[in-house]
Amino acid sequence: MAHGRKNGLFIRKSVDHVRAETVNHGLKRSLGPIDLMFLGIGSTIGAGIYVMTGTAAATFAGPAVLISFVIAGFACAFAALCYAELASTMPVSGSSYTYAYATLGEVAAWTMGWLIVLEYGVAGATVAVGFSGYFASLLADFGVHIPAGLMTPLVHVANGGMGDVSISGSLNLIAAGVILLVTVPLLFGVSQSAAVNSLIVTIKAGILLLFVAIGVNAIDPINWVPFIPPNEGGFSYGWPGIFRAASVIFFAYIGFETVSTAGAEARNPQRDLPIGILGALTVCTLLYISVAAVLTGVVPFRQLGVPDPLGVAVEAMNKPWFALVIKAGAVIGLTSVLLVLSYGQSRVFFAMSRDGLVPSLFARLHPRYCTPWGGTIALALGMAVAAAFLPITLLGDLVSLGTALSFAIICFTVIWLRNTHPEIERPFRVPLGGFRVRGIWIGVTPLAGILLCSAMAGPLLFDVIHKVWIGNPVPALLLGGHVLAGAVIYIGYGHRHSRLGKGLGPAAPAEQAA
């Protein structure tokens, strides 16, 4: 049986090749539908709801940030339905990377894998930096003060990225340390990690529900008037601001697709992966809208542009004891996000390593726990270094940009696979049907996903270009550097070591352990 077609950079895996990987991977199938849903919730509820909601309301949308959540949620919903179809058809650990390999070819697969580095790795470092701030604030309430030198990255950009780059002489060791800490349970097996994650998710979701329950009585309806503030130019309020806010809080939805990276460890992936993906997105969207409604109802929206908008709302409720609960919830919630982001990235690199595109270290399994322990540690060290050295907050929009583009590619993948392999069994199919244009099937759901995710990426890309225009090239340089590094690694290593390019099938567990 041929494993692929040798046509240079655009070589593709056959579907039979991909399905062979679902059997011969060496990972332990131990996750049920609830585990998978909690995995998605754990990686989704984090910095987005604790920080981005306030920024989006204060700067762009006002109380209409609720509409922004609906728009971003719809974009993610269409992408989630596409993920669910692909995950039920090809339940493998590589998620979007593997889906792209089977449809668009090796270069597209590498691009998706490298976008996931931006989405999971850089987002993980961003979350770790947010953790250090909340953690220090929580300890300060108990009289314990962490020196600023332990929470300040080595590289500093003055005036939020508008000034010169300087060296601070310190390291954010708190952020680096929490990344290494959450890596420990991942080394001992996914079932143990899932148990820890489920407990954390229950706690942080419960705290946010408590915030809603208590905050409802403190809402002043006057804070919702006008619900859509008049536009003040550019993306400041009005409908332009609503869509710009949607692109900002798109960051809050990053993570639900992590469920699809667990395809090789799900007990019944064809049934359980769609449940986990759609269940996680539904729960998070409802919780986000509820929290945003209370937040903008308790505090005038212009006062929410702070690092801890939920803390500001709690102070307005005149409940000092609850401020401690919110900070504790933030610390716990961000910890679970780090856990799942580290898990998702290690599984994508596991798949890439089995294909020969990255070194074998990332696919080497522990003989007892059946986890890719070497790659997990290596990736955690990389995230820790980024969190300690870099001003990661500059990359929030870039993470959302990379995610929006990867979601759009996933939606296109569904259309491609339906046309090239209509015979494949699909336990879950995207709803709403489709239509044909010159014999080509185009699904309504994936088409809507492409359009909406592109709409999320548009304002972000415009903002990067605008910052270059006004003399702040830092975000563009970071994005360009990431793209260049990916190209160099693929050309220098991945293309030359590709197993598919050599006519080889999936690497066996025995080969991985060698």
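The analysis underlying the following values was restricted to heavy atoms, covering all of them including side chains, and did not include hydrogens, waters or symmetry mates. Values in this document were obtained by computation on a predicted structure and should not be read as measured data.
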| message | Would N172 and I174 count as a side chain to side chain contact (heavy atoms under 4.5 Å, CB included) here? Give the steps. | response | CA-CA 6 Å; N172 194 335; I174 302 299; 3.9 Å; yes
| task | Hey, could you give me the OG1/CG distance between T282 and L287, rounded to the nearest 0.5 Å? | result | 12.5 Å
Donor-acceptor pairs are to be reported for all side-chain atoms of residues 326-334 against protein atoms at under 3.5 Å, with residues two or more places apart or in another chain.
from	atom 1	to	atom 2	distance (Å)
K327	NZ	S137	OG	2.9
K327	NZ	D141	OD2	2.9

| request: For the pair T53 and Y288, evaluate side chain to side chain contact (heavy atoms under 4.5 Å, CB included) and give the outcome as yes or no after the intermediate values. | output: CA-CA 9 Å; T53 304; Y288 282 172; over 6 Å; no
| Worked check of side chain to side chain contact (heavy atoms under 4.5 Å, CB included) between V314 and F211 | CA-CA 8 Å; V314 169; F211 172 82; 4.1 Å; yes
| W114 vs W110 aromatic rings, parallel, tilted or perpendicular, using cut-offs 30° and 60°? | parallel
| request: Measure the shortest side-chain to side-chain distance between E85 and L417 over non-hydrogen atoms and say whether it is less than 4.5 angstrom. | output: no
| Under 4.5 Å between any side-chain heavy atoms of T413 and Y83, yes or no? | no
| query | Any idea which heavy atoms bring F78 and G449 closest together, and the distance? | reply | CB-CA, 3.6 Å
| query | Can you find a pair of side-chain heavy atoms, one from E106 and one from H495, that are under 4.5 Å apart? | reply | yes
| field | Non-hydrogen atoms of C82 and V414 that approach each other most closely | value | CB-CG2, 3.6 Å
| field | Distance (rounded to the nearest 0.5 Å) between L338 CG and L180 CG | value | 10.5 Å
| task | Measure the shortest side-chain to side-chain distance between L208 and K204 over non-hydrogen atoms and say whether it is less than 4.5 angstrom. | result | no
| request: Starting at NE2 of H497, measure out to OG of S353 and round the result to the nearest 0.5 Å. | output: 11.0 Å
| request: Check whether any side-chain heavy atom of Y490 sits under 4.5 Å from a side-chain heavy atom of V358, and report yes or no. | output: no
| request: Would you give the length of the straight line joining atom OG1 of T59 to atom CG of L304, rounded to the nearest 0.5 angstrom? | output: 9.5 Å
| task | Work out which heavy atom in A128 is nearest to a heavy atom in V178; give both atom names and the distance. | result | CB-CG1, 4.1 Å
| task | Would you mind reporting whether I409 and M112 have side-chain heavy atoms less than 4.5 Å apart? | result | yes
| query | Just how far is it from atom CG of L405 to atom CD1 of I410, taken to the nearest 0.5 Å? | reply | 12.5 Å
| note | In this structure, CZ of R499 is separated from CG of D355 (nearest 0.5 Å) by 8.5 Å
| Smallest separation among heavy atoms of A80 and L278, with atom names | CB-CD2, 3.9 Å
| message | Before we go on, tell me: are the rings of F362 and F350 under 6.0 Å apart, centre to centre? | response | no
| Which atom names give the shortest non-hydrogen contact between A56 and I249, and what distance separates them? | CB-CG2, 3.6 Å
| task | Report yes if some heavy atom in the side chain of C284 is under 4.5 Å from a heavy atom in the side chain of I41; otherwise report no. | result | yes
| task | Could you walk me through whether T285 and F69 pass the side chain to side chain contact (heavy atoms under 4.5 Å, CB included) test, one step at a time? | result | CA-CA 8 Å; T285 300; F69 267 112; over 6 Å; no
| R364 vs P372 side-chain heavy atoms within contact, under 4.5 Å | no
| said: For A79 versus C411, what's the shortest heavy-atom pair and its separation? | reply: CA-SG, 3.9 Å
